[in-house]
K.L.:
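Following this message is one structure expressed as structure tokens.
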Amino acid sequence: MLSARLQAVADRVLGPRHADVGSDHGLLPLDLVARLELVIAVEKHVGPFERCRLAVAGTAVEVRFGDGLDALEGGEVDSLSICGMGSLNMRDILERGREKLPAQLVLQPMDNAGPIRGWARRNGYHLQEESWIDPYVVLDLRAATGDDPAYAGLSEEAYFFGPLLLSNPDYVARQRAWLESLGRTDGRLEFLTRRVGS
Ligand SMILES: C[S@@+](CC[C@H](N)C(=O)[O-])C[C@H]1O[C@@H](n2cnc3c(N)ncnc32)[C@H](O)[C@@H]1O
């Protein structure tokens with residue numbers, strides 16, 4: 001059974017041909033292979049690569065050794081996931097593999113997703129959904145033209161909090177309580193306070 005974090009990722013993946021970069025224990029590819037046409041797991045470190053190969057042995061998951069999208073051909077998959085890494089690392093993987101990126105990206109960073117949101121907006125990916133699985137967020141991004149309408153009327157603090165998550169009152173209240181507990185009195189707290197109108 002997947003953790004709530006990885007289940008939230010699996011729930012968003014469209015496929016039908018999918019690649020997961022940084023699969024490690026292989027749990028996500030193992031889950032996805034039950035319903036998708038093709039699942040490729042990519043690992044760049046020997047230990048996690050071997051762990052993944054063992055975990056998916058006997059299934060149709062294809063495990064490749066490589067750095068990010070270097071292990072893939074352009075047009076080979078329809079969707080891509082990257083989970084459980086820092087957002088700056090994820091952004092670098094996306095940027096380096098830009099020419100090969102598919103139409104759907106499902107991303108679950110371990111820290112603030114701001115750098116990924118900024119990259120996506122500049123590189124033709126719109127936010128379809130932002131899920132909050134406290135304390136994690138999952139971004140479902142789709143290739144699209146023009147500016148992402150999710151940011152319309154919002155200031156740059158939206159990159160930090162997530163423009164779609166701002167309509168979730170529980171999320172906003174939690175972020176606000178967190179900033180207050182830190183004694184923050186800067187623009188981010190003011191931004192959230194304006195959102196909840198108090
Ligand atoms: C902390 S694990 C996360 C495992 C799984 N995705 C999860 O969310 O539970 C991160 C994995 O990503 C792999 N990794 C990091 N950078 C990578 C890259 N550029 N290409 C392929 N794998 C990478 C690491 O080797 C490591 O096994």
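Read the numbers this way: they start at 1 and go in the same order the structure lists the ligands and their atoms.
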K.L.:
Heavy-atom distance under 4.5 Å between the side chains of Arg51 and Asp24, does that happen here?
P.N.:
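Sidechains of Asp24 and Arg51: in contact.
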K.L.:
Got a sec, which pairs hit salt bridge (charged side-chain N to carboxylate O under 4.0 Å, His left out) with one end in residues 143-166, sequence neighbours left out?
P.N.:
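Only Arg121-Asp147 qualify under salt bridge (charged side-chain N to carboxylate O under 4.0 Å, His left out).
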K.L.:
Can you spot which of Leu141, Leu94, Val77, Leu72 makes a side chain to side chain contact (heavy atoms under 4.5 Å, CB included) with Leu101?
P.N.:
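Single pass found, and it is Leu94.
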K.L.:
Taking only heavy atoms of the protein into account, state which residues are under 4.0 angstrom from an atom of ligand 1, in chain and number order.
P.N.:
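Ligand 1 is contacted, at a heavy-atom distance under 4.0 Å, by Arg5, Leu6, Val21, Gly22, Asp24, His25, Glu43, Lys44, His45, Pro48, Gly66, Asp67, Gly68, Cys83, Gly84, Met85, Asn89, Ile93.
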K.L.:
Show me the pairs that pass salt bridge (charged side-chain N to carboxylate O under 4.0 Å, His left out) and involve residues 78-90, at least two apart or across chains.
P.N.:
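For residues 78-90, and leaving out neighbouring residues, the salt bridge (charged side-chain N to carboxylate O under 4.0 Å, His left out) pairs sorted by first residue read Arg17-Asp78.
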K.L.:
Between Phe161 and Phe191, what is the ring plane arrangement, given parallel below 30°, perpendicular above 60°, and tilted in between?
P.N.:
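Geometry flag for Phe191 against Phe161: parallel rings.
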K.L.:
Applying side chain to side chain contact (heavy atoms under 4.5 Å, CB included), can you list everything that pairs with Leu164, at least two apart in sequence or on another chain?
P.N.:
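Only Leu127, Glu130, Ala150 meet the side chain to side chain contact (heavy atoms under 4.5 Å, CB included) criterion with Leu164.
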